[in-house]
Amino acid sequence: MLRPLSFAWMTRDNGVVTNAAPRIFFDSNVGSHANGYWLVLDLSLRDLAAIPDLRDGMEVILHMPDELEMRATLRRGGLEDSRPWDFGGFWIADPIEGTVRDLS
């Protein structure tokens, strides 16, 4: 069951509500809610490259356009997470429980 997204992470900037956390494209087929989502797709990499202070533990918003979005925490994937075709250096987003928002 999808639960409503908490808007505690939103802030006001000159009277306009803006997201305080960076938004990153993801695909729910590349990972799982229990083990995290691998941010290895071209659109995910583009969004990650645009974040100047990218770091472990950073809170972000994962989004699949017209489907869903959720808050998540980033962590660096290592060799223990990699597959033979992977270079062993990538970002994984661990969903924050209770923050999934259905956009469909």
Side-chain angles (χ1 to χ4, degrees):
M1 179 175 140
L2 298 176
R3 296 182 209 158
L5 183 66
S6 165
F7 289 97
W9 46 266
M10 298 184 89
T11 60
R12 287 198 171 271
D13 183 20
N14 295 327
V16 177
V17 176
T18 58
N19 293 338
R23 292 174 56 84
I24 300 173
F25 174 86
F26 88 112
D27 185 328
S28 61
N29 294 311
V30 185
S32 70
H33 203 77
N35 298 315
Y37 296 102
W38 290 23
L39 303 176
V40 295
L41 301 175
D42 287 342
L43 290 174
S44 301
L45 296 174
R46 179 203 63 194
D47 291 343
L48 288 165
I51 302 171
D53 58 344
L54 193 60
R55 64 192 178 285
D56 280 321
M58 175 180 252
E59 188 172 311
V60 298
I61 300 166
L62 297 180
H63 71 98
M64 287 180 63
D66 301 323
E67 292 191 37
L68 62 95
E69 68 182 14
M70 71 183 83
R71 288 174 30 213
T73 305
L74 292 180
R75 68 179 157 94
R76 197 76 174 147
L79 293 175
E80 70 278 2
D81 299 306
S82 66
R83 304 228 170 117
W85 49 263
D86 190 76
F87 59 90
F90 54 93
W91 289 98
I92 297 173
D94 294 313
I96 297 173
E97 197 63 41
T99 64
V100 176
R101 180 174 161 209
D102 186 358
L103 301 176
S104 57

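All residue numbers refer to positions in the sequence shown, counting from 1.
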Donor-acceptor contacts, no H, no angles, side chain residues 30-37, under 3.5 Å, sequence neighbours left out:
| from | atom 1 | to | atom 2 | distance (Å) |
| --- | --- | --- | --- | --- |
| S32 | OG | N35 | N | 3.0 |
| S32 | OG | N35 | ND2 | 3.4 |
| Y37 | OH | H33 | N | 3.2 |

N29: what forms a side chain to side chain donor-acceptor pair (under 3.5 Å) with it, not counting sequence neighbours?
-> D27
State, to 0.1 Å, how close [X] and [Y] come at their nearest heavy-atom pair, and which atoms those are.
{"X": "P95", "Y": "M70", "answer": "CB-SD, 3.5 Å"}
{"X": "E59", "Y": "A21", "answer": "O-CB, 3.5 Å"}
{"X": "E67", "Y": "D102", "answer": "O-OD1, 3.2 Å"}

Of D56, V40, L45, I51, the residue whose pairing with W91 passes side-chain contact (heavy atoms from CB on, under 4.5 Å) | D56
For D53, salt bridge (charged side-chain N to carboxylate O under 4.0 Å, His left out) partners two or more places apart =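 Partners of D53 under the salt bridge (charged side-chain N to carboxylate O under 4.0 Å, His left out) test: R55.
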With sequence neighbours left out, what residues match D94 under salt bridge (charged side-chain N to carboxylate O under 4.0 Å, His left out)?
-> R75
Indicate, with yes or no, if F26 and L54 share a hydrophobic cluster defined by side-chain heavy-atom contacts under 4.5 Å among Ile, Leu, Val, Met, Phe, Trp and Tyr.
-> yes
With hydrophobic residues grouped by side-chain heavy-atom distances under 4.5 Å, do I24 and L68 end up in a single group?
->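 Yes, I24 and L68 fall within the same hydrophobic cluster.
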Can you name the side chain to side chain contact (heavy atoms under 4.5 Å, CB included) partners of P65, sequence neighbours left out?
-> F25, H63
Could you list the residues that satisfy side chain to side chain contact (heavy atoms under 4.5 Å, CB included) with A72, not counting sequence neighbours?
-> V60, L62, A93
Return each pair, listed once, that meets salt bridge (charged side-chain N to carboxylate O under 4.0 Å, His left out) where at least one residue sits in residues 35-48; pairs must be two or more places apart or across chains.
->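 Residue pairs passing salt bridge (charged side-chain N to carboxylate O under 4.0 Å, His left out), neighbours aside: none found.
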Quick one: pull up CD1 in I92 and CG in L39 and give me the separation to the nearest 0.5 Å.
->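 Reported value, rounded in 0.5 Å steps: 8.5 Å.
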